[in-house]
Amino acid sequence: MKKSLLVGTMALSLMGLFSGCGDQPEYIDTADSKSYTSMGLDYHDIEAVVQKSVSSLLESGYVRGIKQPKVLVISDIVNDTMQTIDVEQLSRKVTRDMRNSGKFKLSLALAGTGAQQDKMVDKVRSATRGNEEYDQYSTIEKGQLKGAQLSLSGKIWQKNVKVGGKQRTDYFFLLTLLDLATGEVVWDDEVNIIKLGNNSSVSW
């Protein structure tokens, strides 16, 4: 009797568990996803930052004066917010648009925290040169790496302020383009994202 009761209880528990699986996730169109925004940073915020920053960069006098594409590396991008932000996603979106302009080339032979250095650049050289198992005519010769001329760095931070019974959160995105030869800043820009919501909807 006790065994039958235990089996019945387990069956009911499993039915309750699987009945909750009836609520299937659904796709949200990118244009409609703004209806589901939060106080945190989302897809639309990153896209807005990239669009405004790249527009500012490409319209600058420095970039308009570039005649030959310049080699660019990604330096450090500091996330000084309470949000989990993939800084490489941000930096690669920015540098992708920069490359598409025809004014820049991106190197991942070196990188700071804002990107992932491709370790295969060094590994393929050290593993194949002088190794008899490899056709030495097919290995990469010395002196092929291109030195970087420019460095892209950035910082993201936030400020929380109570406004009446609501919470206002300001996000600041600062991007800087540096001439590595002179150490001079050739361009920088700040984009702000400001959100206002109920305190109950804020969770960090």
Side-chain angles (χ1 to χ4, degrees), residues 25-64 66 70 72-108 111-117 148 150-180 183-204:
E26 57 183 304
Y27 285 102
I28 300 174
D29 187 81
T30 302
D32 298 333
S33 62
K34 284 187 176 181
S35 303
Y36 302 92
T37 190
S38 69
M39 291 296 289
L41 292 167
D42 57 29
Y43 164 82
H44 295 286
D45 299 324
I46 299 300
E47 288 294 313
V49 169
V50 171
Q51 181 180 7
K52 292 177 182 178
S53 296
V54 173
S55 294
S56 169
L57 172 64
L58 298 183
E59 292 170 3
S60 67
Y62 174 77
V63 173
R64 288 200 301 267
I66 295 177
K70 291 183 176 292
L72 166 78
V73 291
I74 300 172
S75 182
D76 295 339
I77 295 183
V78 179
N79 175 21
D80 192 16
T81 73
M82 302 172 71
Q83 306 293 304
T84 299
I85 302 173
D86 188 336
V87 293
E88 182 170 12
Q89 180 192 30
L90 172 64
S91 69
R92 294 300 292 274
K93 281 179 176 288
V94 172
T95 54
R96 186 177 303 123
D97 288 347
M98 292 173 69
R99 287 165 40 227
N100 289 339
S101 72
K103 300 279 189 175
F104 304 93
K105 294 182 178 181
L106 176 64
S107 171
L108 290 179
T113 60
Q116 191 77 16
Q117 178 183 354
L150 299 170
S151 172
L152 179 72
S153 62
K155 183 177 180 180
I156 312 166
W157 68 98
Q158 77 179 70
K159 180 180 180 182
N160 299 330
V161 180
K162 288 186 178 180
V163 181
K166 295 189 174 183
Q167 173 82 42
R168 168 176 162 167
T169 301
D170 298 349
Y171 296 98
F172 306 88
F173 292 77
L174 174 65
L175 292 176
T176 302
L177 190 65
L178 185 78
D179 186 321
L180 289 171
E184 297 175 331
V185 173
V186 295
W187 168 87
D188 70 333
D189 189 57
E190 181 181 311
V191 176
N192 301 326
I193 300 291
I194 302 174
K195 295 189 174 185
L196 184 68
N198 296 323
N199 287 331
S200 59
S201 66
V202 180
S203 61
W204 310 115

Chemist: Considering all heavy atoms of both residues, which atom of S91 and which atom of G114 are nearest to each other, and what is their separation?
Modeler: OG-O, 2.6 Å
Chemist: Roughly how far, to the nearest 0.5 Å, is the CG atom of L150 from the OG1 atom of T176?
Modeler: 12.5 Å
Chemist: Minimum heavy-atom separation for A111 and Q116, please, with both atom names.
Modeler: CB-C, 4.3 Å
Chemist: Are Y171 and D45 close enough that some pair of their side-chain heavy atoms sits under 4.5 Å apart?
Modeler: no
Chemist: Could you go through M82 and Q158, starting from their C-alpha distance and side-chain angles, then the distance that decides it, and tell me whether this counts as side-chain contact (heavy atoms from CB on, under 4.5 Å)?
Modeler: CA-CA 8 Å; M82 302 172 71; Q158 77 179 70; 3.7 Å; yes
Chemist: State, to 0.1 Å, how close Q83 and T81 come at their nearest heavy-atom pair, and which atoms those are.
Modeler: N-OG1, 3.0 Å
Chemist: Of the options D80, I85, L175, which is the one that meets I156 in a side-chain contact (heavy atoms from CB on, under 4.5 Å)?
Modeler: I85
Chemist: Tell me every residue that passes salt bridge (Lys or Arg N to Asp or Glu O under 4.0 Å) with D170, counting only those two or more places apart in sequence or in another chain.
Modeler: R168
Chemist: With sequence neighbours excluded, tell me which residues meet side chain to side chain donor-acceptor pair (under 3.5 Å) with S153.
Modeler: none
Chemist: Could you state the interatomic distance from OG1 (T169) to CD1 (I194), rounded to the nearest 0.5 Å?
Modeler: 10.5 Å
Chemist: Please examine the side chains of E184 and L178, heavy atoms only from C-beta on, and report whether any two atoms are closer than 4.5 Å.
Modeler: no
Chemist: Go through the structure and list residues passing side chain to side chain donor-acceptor pair (under 3.5 Å) with K93, not counting sequence neighbours.
Modeler: E47
Chemist: Who are the side chain to side chain donor-acceptor pair (under 3.5 Å) partners of D97, not counting sequence neighbours?
Modeler: none
Chemist: With F172, which residues qualify under ring pair (Phe, Tyr, Trp, His ring centres under 6.0 Å), at least two apart?
Modeler: W157
Chemist: Applying salt bridge (Lys or Arg N to Asp or Glu O under 4.0 Å), can you list everything that pairs with K70, at least two apart in sequence or on another chain?
Modeler: none
Chemist: Which residues satisfy the side chain to side chain donor-acceptor pair (under 3.5 Å) test with Q117, sequence neighbours excluded?
Modeler: none
Chemist: What distance separates D189 CG from L177 CG, expressed to the nearest 0.5 Å?
Modeler: 11.5 Å
Chemist: Can you name the residues that form a side-chain contact (heavy atoms from CB on, under 4.5 Å) with D76, not counting sequence neighbours?
Modeler: T113
Chemist: Could you pull out all residues at least two apart from E190 that satisfy salt bridge (Lys or Arg N to Asp or Glu O under 4.0 Å)?
Modeler: none
Chemist: Between side-chain atoms of residues 50-59 and protein atoms elsewhere (two or more places apart, or another chain), which donor-acceptor pairs fall under 3.5 Å?
Modeler:
| unit_1 | atom_1 | unit_2 | atom_2 | d |
| --- | --- | --- | --- | --- |
| S53 | OG | V49 | O | 2.9 |
| S55 | OG | Q51 | O | 2.8 |
| S56 | OG | W187 | NE1 | 3.1 |

Chemist: Considering residues at least two apart in sequence or located in another chain, which fulfil the side-chain contact (heavy atoms from CB on, under 4.5 Å) criterion with T95?
Modeler: L72, I74, R92, M98, L106, L152
